Every structure is written in C-alpha cells, then in structure tokens.
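Here the structure is laid out as structure tokens; the discussion comes afterwards.
Source: prediction; values computed, not measured. Every number for a ligand or one of its atoms is a count from 1 in the order of the listing.
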Amino acid sequence: MTPTLIGNTTEELTALLTEMGLPGYRGKQLARGFYTRFARDFDAFSDLPKALREKLAAETQLAPCSERSVQSAPDGTEKYLLNLTDDEVIEAVYLPYEDRTAVCVSSQVGCPMACSFCATGTEGLARNLTAGEIVDQLLFMQAKHPEQRISHLVLMGMGEPLINLPNVLKALHLLHDEVGLSYRNMTVSTVGVVPGMEKLAAEDLPITLAVSLHAPNNTLRSELVPLNEKYPIGRLMEACRHYTDTTRRRITFEYVLMAGVNDTEKEAHELGELLRRQPLCAVNTIPYNSTDVEARYQRPTPEAARLFREIVASYGVTITQRYEKGHRIAAACGQLKRSALKPGSAMRPLPLFSQIPVAEPTEPALEPAA
Ligand code: SAH
C-alpha cells in the first residue's frame, strides 16, 4: 500500500525515508513543508532535490484528503466535503470568528452512536479515521486560507472521538508538536463513552472535554442518546468528576435544546440540581438545528431557551448559549452527514454497543456567551 506522509511524526518520516533508501534527515524538511507551510504538493518542496521529490511522488502520497465540494455561508463559514483515498467522504467546517479561527473536524466516517436527533447518527459507521486524516482536515482548510491562522480545533464533526482514541490522540499530538496548535485550543466532544473518558483523563492533556449530555434524567437521555443505556447519568457524572479531579480542566456539558422535549422548566430544574455539585463545569446550550432526517424535533423559542438558562443559572451553574454559525449551509452541529455516499460503502448497521470496541491504544471553544 502506498504510504501517506501526512499523519507521521518527524521521526516516523525520517524512518520511512531511510527505509526507502533515501536520506533520513530530509524527514524534517518534509514535516516542515506540510505541517508548517501547508504544502500539499511535492512541487512545493523547492528545498528538496528534484530526484528525491520524484521518487516520493512515485512511491508515496502526500495528503489523505482532497476537496470534493464546498459550500460557503455569508458569515464566512465553509463546509467542505472531503474525499479520502478509499473514496469515503467526510465533512469538515471552517469557522472564522472575530477573535479566532476554528475548524470543526470529523473523527470517523459516519458514527455508530445513533443519537435520535443527529444526522450523522442515521448512517451508521463505515470506519475510523486515521490520525493523518484527522490532522489533514485542518491542514487542508489552512491551505485554503493562508492569510488566516487556524487557532482552534473542535472534534465535533462526524463520529465519536473516544471510540477512535489512539488515532485521535496521535492527531492531537501531531497538531501540537508538529503544527504548533495549543492543547488549550483543542476540544474533544464525547457522547459519554466512560472508558474512553478514563483513558483520556490518564493522558492529562490540557485540552477541553465536552460531554454531550442533552438530558438531566435517564429516561429522557436514553431516548435521545442510546449509549445512555450502557453508561447512565450516574456513571457518566462519576467519570466527569474523575476527569476534572485528574486534569483540573473544566468540562463543558453540551445540551441541545429541543422544544417540548428537554427544554421545559422541569428539565431546567433537574439539570441545575444535577450539576450544582459538579465541580469545574459549564453548560453550553445549542438550539436544535433542523436536519432532513428528523421532523419530530424543533428549535426552542428564544424565550424558552432564555428561561431554561435562567433556571439552571439560579443553581449556581455556569450556562451559555452557543453562538451559532453555518446552519444555513447545514454545517452546524449535528447537520453533518455523508451527503455523498460511496456506492457499496461498508456502513455498519446501527448500534450494538456491547460490540463497539473502545479501541486501545476551552472554554466552550466556539462560543462567547450570548
Ligand atoms: N460524538 C460526539 C461529537 C460529535 S457531535 C458527541 O456526541 O459529542 C457534536 C455535537 O453536536 C454533539 O453535542 C451533538 O449532540 C450535537 N448535535 C447533534 N445533532 C444536532 C442537531 N441536530 N442540532 C444541534 N446539535 C446537534
């Protein structure tokens, strides 16, 4: 199989070149080229001898992602469909803000978690992304916007990052060590995969962990998030406490507000009660973004959303509303899906959690309070 260069550390590139009978020290130049100058083509490596470039072009592949299509919104948000080398397709979003530029990237092709309100969840899982494919989503968008340094990364695209933890961790390390992103500007969002949270805590990285909570009681949460059957709220909260105790980092609880489903005063009081003793946490509300798969759920009125926040805040819990971008081009949270399916793609049927292996080995990143 043709090796892909993006996704390797400088040391790994050095070893790869040596194996190919090429001078290993060129690995550093290669890494600099695509991780810090965002080169996507061997021709851009004018600092490498032509013969070396030609051999690399013949025997390796530089980048795993290529553009399939892009949609732009007036606020500057861009949603990319990216082709992978096996013809699978993923989505990644570029999000320019006044004070920062963020990207929202995918961790899997599809997702096996099947949350009832999420577009990605309707399609099942095809496969995990490699570390290179995760990192390259950022590198690709950075190359598109050379004038604007991408400072923040959120793993809130397609997929559940904590069931692809080894590759996600490698991607975070590459982004930190090779690309120069700060761990503090990286957010990993999980639906509540407790063993993955425990492993992540043990890594003790100063990233932000976001936990998609969406409901304050088990009956409702199990309806929205099937994984709750396996890791119910009590167990999840213990894992959150362990995470904050270990890392001293605050957890952001994501709460997608759906009219009449989880946004009433009853749930607001329950949520306040649930979180008032949880140390180092904040709630981030997200008004439901409509998808083409689920008509049952509606966005709450702004008044209902405000009342919900006021009630939760009255328990001393920090709560903000996500400042939204991109829903006009269906690039907002939960709207990402594989709009272009690979024919015969190996999509696995929807979830059998007992069979999902948990692979071995910011502040709410995007949103000023409304
Ligand atoms: N699997 C991870 C990360 C991907 S989803 C997780 O569940 O956290 C990123 C966020 O978008 C999650 O909080 C998810 O619940 C939310 N989301 C999904 N569908 C949505 C929708 N239709 N409207 C708003 N947010 C949605």
Side chain, backbone, both or neither: which applies to Y297 and ligand 1 if a contact is any heavy-atom pair less than 4.0 Å apart? neither
Does only the side chain of V256 get under 4.0 Å from ligand 1, or the backbone, or both, or neither? Count heavy atoms. side chain
Residues in ring-ring contact (aromatic ring centres under 6.0 Å, His included) contact with F34, at least two apart in sequence or another chain: none
So is [X] touching ligand 1 or not, going by heavy atoms under 4.0 Å?
{"X": "M113", "value": "no"}
{"X": "H214", "value": "yes"}
{"X": "A210", "value": "no"}

Are side-chain N/O atoms of T10 and E178 paired as donor and acceptor at under 3.5 Å? yes
Mind checking whether H214 and F117 have parallel, tilted or perpendicular rings, split at 30° and 60°? perpendicular
Centroid separation under 6.0 Å, is that true for the rings of Y80 and F140? yes
To which of G159, G121, A119, G192 does the heavy atom nearest atom 1 (N) of ligand 1 belong? G159
Applying side-chain hydrogen bond (donor to acceptor under 3.5 Å, both in side chains), which residue pairs with at least one partner in residues 31-44 are found, sequence neighbours left out? R40-D136
Between N289 and ligand 1, is there a nitrogen or oxygen pair with a distance under 3.5 Å? yes
